[in-house]
Amino acid sequence: MNEKSDDDMLTEAARMMRRHTDAGWTAMRPGLLDRARRAFRPSAAVRGRHEFGDFFVRADLLVSQLRVAVDAVDGARTADVICATGDDNVLTEVTVQIAADFGSYLPGLAIAVHAAAYATVTGLLGELAPPASAVRTHVHIGDITAP
Amino acid sequence: MSGGEQSDADLARQSKLGDRDAFAVIVSRHGPALYRYAYRLLDHPDAIEDIVQEAFLDAWRGLPRFRGDSSLRTWLFTLTRHRVQRHNTRQRPAGSIDVDDLADRIPDTAPEPVSRHLHRTLLDALDQALQGLPPRQRSAWLLREVEQLSYDEIATVLHTTSTVVRGLLERARANLAITLKEWR
């Protein structure tokens with residue numbers, strides 16, 4: 001009889017365990033995904049102002065909206081969004097870092113990203129949005145990925 | 001990127017910026033591993049759903065501060081271990097000894113024989129044998145042999161050094177071999 005060594009048996013058992021998806025996970029996955037989609041992320045408040053007065057927007061919502069707007073610019077992917085607030089939770093500065101598609105004309109891309117980001121903060125925060133000069137776009141050349 | 005599958009780093013970056021679809025991919029990709037890891041570390045596995053759910057919610061809340069010093073996967077295992085540890089500590093009676101704190105210092109004893117489980121499958125026997133290991137040995141063995149983390153990654157999850165991890169693994173393998181030999 002070709003009896004397996006202890007090591008072989010442990011290795012085989014570990015492999016079986018790795019390949020096995022627990023039924024419990026399969027059962028809980030839909031509920032967890034639903035919960036994850038609704039999960040609240042504690043976040044600072046950013047003040048906005050519209051015709052009826054001041055209001056607050058969660059910073060993570062602002063960041064999320066900036067990501068969506070910047071990702072919609074052809075050739076750009078949001079790498080990071082950094083917001084700074086001053087007195088009374090007023091947004092004073094936004095820095096958007098992007099990864100650019102290989103071959104993109106970077107000055108044109110940066111201008112398009114800046115416009116998208118500025119339109120987003122203006123749309124969300126109204127007259128308390130920072131001036132266009134305080135919305136910055138950094139194009140970081142960190143890696144080159146073949147298209 | 002080849003194959004169209006997004007990297008963990010990309011998914012973490014998108015999730016950090018509030019992309020819930022990206023986070024859902026993280027949940028689906030790493031959920032099975034975190035589930036089987038937590039399940040086997042818990043003193044009371046009936047809490048498994050809460051533990052895995054809380055670990056992922058910790059991840060969602062913590063992603064804005066995740067700097068990528070370790071891989072996303074290692075970080076998720078670390079969050080899960082913290083959740084399990086907190087739960088196990090709460091469930092143990094006051095005055096009980098935390099085996100995690102002592103496991104590296106006390107001599108190993110062979111786990112209980114599993115002769116009564118001769119008819120179980122190999123997987124069941126392994127599960128049984130794992131329950132006989134001190135928690136840190138069990139954790140190290142699962143992360144290495146099942147989840148295939150490196151020694152350094154395991155050291156990150158367990159907040160220790162790779163030298164300690166090596167020792168934990170040696171003792172875990174020896175103990176499991178003894179137990180499974182009796183099963184066989």
Side-chain angles (χ1 to χ4, degrees), chain A residues 3-44 58-68 70-71 77-83 96-97 99 142-143 145-147, chain B residues 1-2 10 13-28 31-36 38-40 45 48-50 52-53 56-64 121-127 129-130 141-142 144-148 172-174 176-181 183-184:
Chain A
E3 195 166 319
K4 289 182 175 177
S5 72
D6 293 341
D7 281 351
D8 288 344
M9 191 167 67
L10 265 179
T11 302
E12 184 181 330
R15 191 172 57 240
M16 286 170 65
M17 197 174 270
R18 186 162 56 246
R19 288 180 177 170
H20 176 75
T21 299
D22 291 273
W25 164 254
T26 307
M28 77 170 287
R29 182 175 168 273
L32 175 57
L33 284 172
D34 181 54
R35 178 85 199 275
R37 285 185 186 282
R38 291 183 288 111
F40 177 72
R41 181 181 273 170
S43 174
R58 286 198 345 252
D60 70 321
L61 177 70
L62 179 67
V63 169
S64 178
Q65 292 299 302
L66 282 165
R67 174 186 59 78
V68 170
V70 171
D71 283 352
R77 273 188 312 131
T78 319
D80 205 356
V81 175
I82 301 157
C83 297
V96 179
Q97 296 181 1
D143 197 5
T145 306
Chain B
M1 183 174 305
S2 63
D10 262 355
R13 176 186 57 76
Q14 290 173 284
S15 301
K16 173 183 174 179
L17 297 172
D19 187 338
R20 290 171 189 269
D21 290 335
F23 190 67
V25 177
I26 290 175
V27 170
S28 294
L34 298 185
Y35 185 99
R36 66 177 163 247
Y39 184 82
R40 289 170 177 89
I48 182 67
E49 290 199 12
D50 288 342
V52 174
Q53 180 167 282
F56 273 119
L57 293 180
D58 288 344
W60 172 253
R61 295 182 196 111
L63 270 164
T121 64
L122 177 58
L123 204 56
D124 288 340
L126 176 60
D127 265 333
L130 282 167
W141 189 88
L142 286 165
R144 178 65 190 160
E145 303 297 341
V146 181
E147 308 307 338
Q148 302 185 303
R173 285 169 183 145
L176 288 174
I178 291 168
T179 312
L180 288 178
K181 188 176 280 183
W183 169 79
R184 188 160 62 175

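Letters A, B, ... mirror the listed sequences (proteins, then strands); counts begin at 1. This is a predicted model, so every value here is computed, not measured.
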Ring pair (Phe, Tyr, Trp, His ring centres under 6.0 Å) against Trp25(A), all qualifying residues, sequence neighbours excluded: none
For the candidates Trp60(B), Tyr39(B), Phe23(B), which exhibits the highest count of non-hydrogen atom pairs separated by less than 4.5 Å from chain A? Trp60(B)
Set out, in order, the CA-CA distance, both residues' side-chain angles and the distance that settles side-chain contact (heavy atoms from CB on, under 4.5 Å) for Val81(A) and Leu17(B), then state yes or no. CA-CA 7 Å; Val81(A) 175; Leu17(B) 297 172; 4.1 Å; yes
Residues Leu123(B), Met17(A); criterion side-chain contact (heavy atoms from CB on, under 4.5 Å); working and verdict: CA-CA 7 Å; Leu123(B) 204 56; Met17(A) 197 174 270; 3.8 Å; yes
Please find the pair of heavy atoms, one from Arg41(A) and one from Gly18(B), that lie closest to each other, and give the distance. NH1-N, 3.8 Å
Under 4.5 Å, counting heavy-atom pairs only, tell me which of Glu147(B), Glu49(B), Gln14(B), Arg36(B) racks up the most with chain A. Arg36(B)
Side chain / backbone / both / neither for Arg61(B) at chain A, heavy atoms under 4.5 Å: both
Choice from Arg29(A), Met28(A), His20(A) maximising heavy atom contacts with chain B below 4.5 Å: Met28(A)
Test side-chain contact (heavy atoms from CB on, under 4.5 Å) on Leu126(B) and Leu10(A) and set out the steps. CA-CA 8 Å; Leu126(B) 176 60; Leu10(A) 265 179; 4.1 Å; yes
What residue, out of Ala24(B), Ala177(B), Gly31(B), Gly62(B), has the most heavy-atom pairs lying under 4.5 Å from chain A? Gly31(B)
Give, as side chain, backbone, both or neither, the part of Leu34(B) having an atom under 4.5 angstrom from any heavy atom of chain A. neither
Under the side-chain hydrogen bond (donor to acceptor under 3.5 Å, both in side chains) rule, collect the residues that match up with Arg40(B), sequence neighbours excluded. Asp127(B)
Proximity breakdown for Arg67(A) and chain B, heavy-atom pairs closer than 4.5 Å: side chain
Cut-off 4.5 Å, heavy atoms of chain B, and the answer for Ala99(A) is neither
Interchain contact, Ile26(B) with chain A, by part (heavy-atom threshold 4.5 Å): neither
Cationic N near anionic O, under 4.0 Å, Asp19(B) to Arg13(B): no
